[in-house]
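In the text below, chain A, chain B and the rest are named by the order of the sequence lines, each starting its count at 1.
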Number of protein chains: 2
Amino acid sequence: MAGIKDVAAEAGLSVATVSRVLNGHPSVSEDARRRVTEAVERLGYRPNAVARSLRTDQTRTLGLVISDVMNPYFTELARSVEEEARALGYSVIIGNADERPDLQDHHVTTLLDRRIDGLLVSPTDGGSPGMLGAARAGTPMVFVDRWIPGVDVPVVRSDGRAAVRDLVAHLHALGHRRLAIIAGPAATTTGRERVDAFREALAAYGLELPDVYIGQGDFQAGSGRRVTEGFLDLAQPPEVVFAADNLMALGALDAVRARGLGVPDDIGLAAFDDIPWFVHTDPPVTAIAQPVRDLGRAAVRALVDRIEGGPGASVTLPARLVVRRSCGEGEPGIAISPSPVRRSTP
Amino acid sequence: MAGIKDVAAEAGLSVATVSRVLNGHPSVSEDARRRVTEAVERLGYRPNAVARSLRTDQTRTLGLVISDVMNPYFTELARSVEEEARALGYSVIIGNADERPDLQDHHVTTLLDRRIDGLLVSPTDGGSPGMLGAARAGTPMVFVDRWIPGVDVPVVRSDGRAAVRDLVAHLHALGHRRLAIIAGPAATTTGRERVDAFREALAAYGLELPDVYIGQGDFQAGSGRRVTEGFLDLAQPPEVVFAADNLMALGALDAVRARGLGVPDDIGLAAFDDIPWFVHTDPPVTAIAQPVRDLGRAAVRALVDRIEGGPGASVTLPARLVVRRSCGEGEPGIAISPSPVRRSTP
DNA sequence: CTGAAAGCGCTTACAG
DNA sequence: CTGAAAGCGCTTACAG
């Protein structure tokens with residue numbers, strides 16, 4: 001593979017000059033620029049990014065450590081992050097933690113060893129040692145979706161509180177009173193927040209959230225299934241189950257179907273995170289939608305700002321309720337929906 | 001950030017010795033090994049992978065350029081690739097081509113600039129210039145899922161022919177005769193093969209595949225929607241539509257629903273590529289499942305074999321039909337299914 | 001077993 | 001505007 005020396009020889013110039021035209025340095029003669037361009041063309045030369053990175057101490061690469069690529073929410077987040085990064089001249093390397101702190105640590109370590117310029121992370125737990133170390137070491141970093149309290153890093157996320165309130169209002173208007181939640185891991189902010197928001201919203205209607213109606217999940221389908229089975233086994237099962245993410249909702253659907261029961265007739269279901277498939281599930285699932293694309297974009301912008309020495313401001317975007325038919329809404333247009341709720345078109 | 005020199009100073013040894021213990025070189029005294037290990041520990045030293053790569057001319061990184069991350073099939077493939085690569089001591093950088101040849105080229109160029117050790121690609125079209133160049137330049141490479149005829153690179157893929165035959169047998173047994181297909185891009189092997197296999201299978205029953213029953217899609221949901229609308233507009237619409245991937249099936253579902261029609265009563269639907277959501281769509285979708293995990297694993301193994309100078313054998317794995325209810329199967333157990341078909345449990 | 005030195009492919013003051 | 005030279009952080013013959 002041709003190196004910069006070959007180009008220099010071919011162009012009859014020094015490597016310094018070649019490097020200058022490659023990097024668009026202004027003080028190069030028109031003639032030199034032309035000769036180098038031609039030599040590059042002839043040789044099919046491509047600069048070695050590894051050597052360049054070593055020399056300049058920047059890789060133009062961002063690391064993205066997400067909790068679970070198979071979760072459509074994170075897949076879309078990753079896509080949006082890559083898109084925005086590319087627009088800003090960065091590549092991104094994705095690390096999939098699979099909701100496992102040890103894997104998360106493996107990825108941040110690997111990414112740091114590769115000297116990425118900045119790190120975007122959606123922490124799987126309270127913070128694995130490697131991640132905390134990175135934050136302390138001053139690696140430019142921003143949290144997306146989930147974050148770690150007490151760690152001084154900008155946070156780009158969606159606030160679901162209002163949407164959860166809307167959801168509870170919606171369920172209450174439908175006549176439901178026994179509401180349960182499949183929670184995410186307590187070690188994650190989103191895991192805690194969604195339960196808290198749900199509990200508060202219930203309280204506003206004088207409703208309780210008893211312990212038996214809080215099932216501990218881990219944001220994966222299997223846990224949604226197990227928790228739902230537990231709810232179904234209760235002497236007094238809940239009327240509606242709110243899954244704190246889309247994968248656990250899938251698991252809940254599995255569990256209900258496995259018993260030969262149906263949604264929403266036997267039990268209602270709502271989910272945090274909206275995905276295209278929810279339109280076509282049986283029944284279509286009422287869900288809370290986050291502005292994923294915007295989150296990805298904002299996260300990259302905040303990180304690049306940090307990399308360039310800026311403050312990297314935190315951003316919080318609202319989520320919104322999308323009403324469909326999994327909570328006993330009946331035919332669209334017939335159910336009474338609370339005022340701030342937007343109804344989705346089928 | 002501490003460098004190898006700092007470690008050497010701290011340990012009272014030369015950088016050469018430090019490097020040796022870091023790389024597990026045998027000829028190092030026990031004492032030196034201990035002193036280095038301790039110094040590394042004290043300093044929290046981590047080797048700079050960029051410098052190491054420049055020196056050794058290997059990055060221990062694989063590139064994976066896939067057609068569309070948002071397609072659950074490819075998401076799972078990417079996950080499986082990363083898993084196997086990690087087990088073999090490699091990282092993987094994913095490039096999402098989004099079914100766009102220009103983006104595909106951007107990613108292979110970037111990946112090559114970064115001097116990845118090998119490239120896994122599922123080509124978006126007949127082969128973008130950059131990709132062909134990489135193959136010619138001798139970059140260790142393996143095609144996954146899709147491949148380019150005439151390019152001498154191992155191919156790891158699934159053969160859907162038998163499963164498509166099973167599908168057609170299944171549909172025929174159900175009494176369907178007017179069968180249509182939403183094809184993938186003719187520039188892709190999978191796009192062509194699935195149409196060919198479908199046509200051949202029909203021929204075995206003396207059935208034709210008229211041009212009006214071949215809709216040109218691009219493996220994305222929008223095209224599935226458009227093509228299905230076209231089918232629905234026909235004087236004599238097909239009885240069953242076979243979507244060549246899961247995203248186009250999603251689009252087909254959208255189109256049918258938008259007309260206020262239902263699957264399978266008004267029109268049947270089958271899809272290539274099975275995904276967890278197909279169990280919960282309305283109705284559950286009859287689909288052809290590829291052994292995705294195995295494909296990912298096999299692809300990585302073939303690539304690593306090539307990197308290490310081996311031949312990197314091609315691998316072809318069978319796909320299988322999963323019968324559900326979107327083709328008018330009626331209640332499970334009632335429909336007559338052809339012999340080689342495995343029936344899925346709900 | 002250990003160290004001094006060369007070199008991987010670039011970029012960038014420094015001097016001219 | 002151009003080139004010679006140093007140096008980024010490592011690894012690895014080579015010599016001892």
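- Panel note: side chain B:Arg35, backbone B:Ala11; a donor-acceptor pair is recorded below 3.5 Å.
- The stretch residues 32-40 of chain B has no heavy atom under 4.0 Å from DNA chain D, so no residue of it qualifies as close.
- In this structure, the side chain of A:Asp218 does not engage the main chain of A:Pro185 through any donor-acceptor pair within 3.5 Å.
- Checking side-chain atoms of B:Ser67 against main-chain N and O of B:Glu99 turns up no donor-acceptor pair under 3.5 Å.
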Does A:Leu247 form a side chain to side chain contact (heavy atoms under 4.5 Å, CB included) with A:Phe219? I'd like the steps, not just the answer.
CA-CA 6 Å; A:Leu247 255 22; A:Phe219 282 140; over 6 Å; no
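- A distance of about 23 Å separates the P atoms of D:dG9 and D:dA13, rounded to the whole Å.
- Pairing each heavy atom of B:Arg20 with each of B:Ser27, the nearest pair is CD-O, 4.3 Å.
- Nucleotides of DNA chain D that come within less than 4.0 Å of any heavy atom of chain A span, from the 5' end to the 3' end, D:dC1 to D:dG9.
- No more than 12 heavy atoms of other residues, nucleotides or ligands sit less than 6.0 Å from atom CD of A:Glu41.
- With a 4.5 Å cut-off on side-chain heavy atoms, B:Thr189 and B:Arg157 do not count as touching.
- A donor-acceptor pair under 3.5 Å is formed between the side chain of A:Asp105 and the backbone N or O of A:Gly130.
- Nucleotides C:dG16 and C:dT12 are separated by 16 Å at their C1' atoms, to the nearest Å.
- Under the side-chain hydrogen bond (donor to acceptor under 3.5 Å, both in side chains) rule, B:Arg86 has a single partner from B:Glu83, B:Glu82, B:Glu84, which is B:Glu82.
- Remark: the B:Ser53 side chain and the B:Arg115 side chain contain no N/O donor-acceptor pair separated by less than 3.5 Å.
- Listed by residue number, there are no residues of residues 105-113 of chain A with a heavy-atom contact under 4.0 Å to DNA chain D.
- Contacts between residues 53-63 of chain B and DNA chain C, counted as heavy-atom distances below 4.0 Å, involve B:Leu54, B:Arg55.
- Using a 4.0 Å cutoff on non-hydrogen atoms, the parts of residues 19-30 of chain B near DNA chain D are B:Ser19, B:Arg20, B:Asn23, ordered by number.
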Read 5' to 3' with Watson-Crick or G-U pairs under 3.5 Å, [ ] for crossing pairs and | for partners on another strand, DNA chain D gives |||.||||||||.|||
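- For A:Asp31, the CG atom is densely surrounded, since the number of other residues' heavy atoms within 6.0 Å is greater than 12.
- Side-chain contact between B:Thr59 and B:Arg114 is absent, with no heavy-atom pair separated by less than 4.5 Å.
- With contacts defined as side-chain heavy-atom distances shorter than 4.5 Å, the pair B:Asn96/B:Phe74 does not qualify.
- To the nearest 0.5 angstrom, A:Ile148 atom CD1 is 6.5 Å from A:Met141 atom CE.
- Note on B:Arg79 versus A:Asp98: salt bridge recorded, some NZ/NE/NH1/NH2 to OD/OE distance being below 4.0 Å.
- Heavy-atom contacts from other residues, nucleotides or ligands closer than 6.0 Å to CG of A:Asp57 number 12 or fewer.
- In this structure, CG on B:Asn71 lies 8.5 Å from CD1 on B:Ile66, to the nearest 0.5 angstrom.
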